[in-house]
Protein chains: 2
Amino acid sequence: MADHNRVVTNSMDAMLFLTDDQLLQGIELMYFAYKGFTSDPDLILQNYSYGRAHHRAVHFINRRKGLKVNDLLDILGITKQSLNRVLRQLIDDGLVESRVGQLDKRERNLFLTEEGKELERQLSDAQRKRMRAAYRAAGSDAVQGFRLVLEKIMDVETRNRITQDKE
Amino acid sequence: MADHNRVVTNSMDAMLFLTDDQLLQGIELMYFAYKGFTSDPDLILQNYSYGRAHHRAVHFINRRKGLKVNDLLDILGITKQSLNRVLRQLIDDGLVESRVGQLDKRERNLFLTEEGKELERQLSDAQRKRMRAAYRAAGSDAVQGFRLVLEKIMDVETRNRITQDKE
DNA sequence: TTATAAAGTCAATAATACTGACATATATTA
DNA sequence: TAATATATGTCAGTATTATTGACTTTATAA
């Protein structure tokens with residue numbers, strides 16, 4: 001029975017019928033989930049008088065250690081001037097270190113300091129906790145589906161950049 | 001084999017092992033997907049000199065026709081003063097109609113005008129198109145998993161409010 | 001040497017949110 | 001009925017995050 005269902009399901013995929021209402025429900029789900037998803041970090045950031053922009057910078061500097069300012073700009077899709085305000089604060093506050101590039105001295109490689117890592121840990125702990133609970137509650141099959149759909153929702157250029165960066 | 005795998009997978013769910021890196025990948029996925037998800041409407045809104053706040057208002061007024069101002073405040077989780085700016089514009093521009101409540105005349109029931117429906121259609125067409133493409137590419141099993149995980153990511157109070165509202 | 005590139009900065013502006021203080025109309029309660 | 005509470009709306013001031021445009025400094029490349 002499982003096998004039979006699987007075959008039927010797969011052959012249905014090509015003509016998956018989706019009402020506008022079902023799609024709108026998915027859209028709302030994204031909205032509400034994203035809201036919950038950002039709520040825990042938002043609370044923590046208040047203690048530092050930082051905002052989401054700081055979180056994003058800290059997150060990506062942690063994930064791609066030593067990345068260049070330009071890389072960060074590409075990832076975030078904001079202007080140099082917007083990033084500068086945030087980065088300036090993080091550097092002045094001693095959470096981020098900006099090292100002159102070894103090959104090209106115009107470049108700056110960004111790293112988290114110990115203090116920066118501590119904030120990152122706090123933020124990602126909260127977010128991971130929520131993700132882990134959701135993953136566990138939904139089950140591993142659901143997680144695969146979740147990841148697959150999210151990947152397809154992204155802009156193609158974004159998807160290519162992310163996946164090519166992965167080693 | 002399918003049945004055997006299913007059993008193994010389900011029994012694994014309780015102890016689903018997730019590395020911090022896997023969870024961080026999920027977190028990034030949410031970030032990038034949400035970004036893509038809002039990019040199409042953002043372009044359309046520029047033509048109207050509106051922002052995401054207007055989109056959200058229009059979306060929920062369409063989805064819950066005749067909802068009260070207080071209902072909308074609850075859903076959006078913003079202050080009366082923040083909503084007012086947006087709602088004032090939409091009403092003045094003739095996209096939203098505010099009708100005095102029939103039972104309680106203090107209340108105002110919100111509706112989209114024909115013009116408002118036209119904007120809603122434009123915005124949701126773009127977003128539905130992206131969702132439909134993602135759903136089709138991922139397959140119906142994946143869609144189920146996607147929805148399930150998103151529901152679990154939401155705040156419990158949000159989830160209860162959403163699901164109870166559904167008839 | 002001149003042009004290009006990476007990073008940083010200053011200034012002005014916009015969208016979205018916030019808090020606090022009040023006003024108005026209507027409903028509910030004492 | 002009089003006092004209180006509720007739903008909505010508004011004014012003013014402030015903060016965060018983003019924008020555009022103009023420029024500078026330093027370093028690499030043509």
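Residue numbers start from 1 in every chain, and the chains themselves are labelled A, B, ... in the order their sequence lines are given, proteins ahead of strands.
- The shortest distance between side-chain heavy atoms of A:Leu112 and A:Leu95 does not fall below 4.5 Å.
- Of the residues in residues 48-60 of chain A, not one places a heavy atom less than 4.0 Å from an atom of DNA chain C.
- Contact check of residues 77-88 of chain B against DNA chain D (heavy atom, cut-off under 4.0 Å) returns B:Lys80, B:Gln81, B:Asn84, B:Arg88.
- The distance between atom NZ of B:Lys68 and atom P of D:dG9, rounded to the nearest whole Å, is 13 Å.
- No contact: B:Leu45 has no heavy atom under 4.0 Å from any strand.
- One atom, CG of A:Leu110, and another, P of C:dA6, lie 14 Å apart when rounded to the nearest Å.
- The nearest whole Å value for the distance from the CG atom in B:Leu76 to the P atom in C:dA17 is 8 Å.
- The phosphate of D:dT6 has neither OP1 nor OP2 within less than 4.0 Å of any side-chain N or O from B:Asn70.
- Every residue was checked against the ring pair (Phe, Tyr, Trp, His ring centres under 6.0 Å) condition with B:His55, not counting sequence neighbours, and none meets it.
- Straight-line distance from the CG atom of B:Leu73 to the C1' atom of C:dA17: 13 Å, rounded to whole Å.
- Separating the CG atom of B:Leu72 from the P atom of D:dA7 is a distance of 15 Å, rounded to the nearest angstrom.
- For the pair A:His59/A:Leu123, no side-chain contact is recorded, criterion being any heavy-atom separation below 4.5 Å from C-beta on.
- A:Lys105 has its NZ atom 6 Å from the P atom of D:dT28, to the nearest Å.
- Linking Ile, Leu, Val, Met, Phe, Trp and Tyr whenever their side-chain heavy atoms come within less than 4.5 Å leaves B:Leu150 and A:Leu148 in two separate clusters.
- A:Val96 and A:Leu110 get closest at one heavy-atom pair: CG1-CD2, 4.3 Å.
- In this structure, A:Leu103 places its CG atom 15 Å from C1' of C:dA6, rounding to the nearest Å.
- Aromatic ring orientation, B:Phe146 versus B:Tyr135: perpendicular (interplanar angle above 60°, classes split at 30° and 60°).
- Within 6.0 Å of atom CD in A:Gln144, 12 or fewer heavy atoms from other residues, nucleotides or ligands are found, so the atom counts as exposed in its surroundings.
- Between the CG atom of B:Asp93 and the CD atom of B:Glu115 there is a distance of 7.5 Å, given to the nearest 0.5 Å.
- Side-chain contact between B:Arg52 and B:Arg56 is present, with at least one heavy-atom pair separated by less than 4.5 Å.
- A straight line from CZ of A:Arg106 to P of C:dT4 spans 13 Å, rounded to a whole angstrom.
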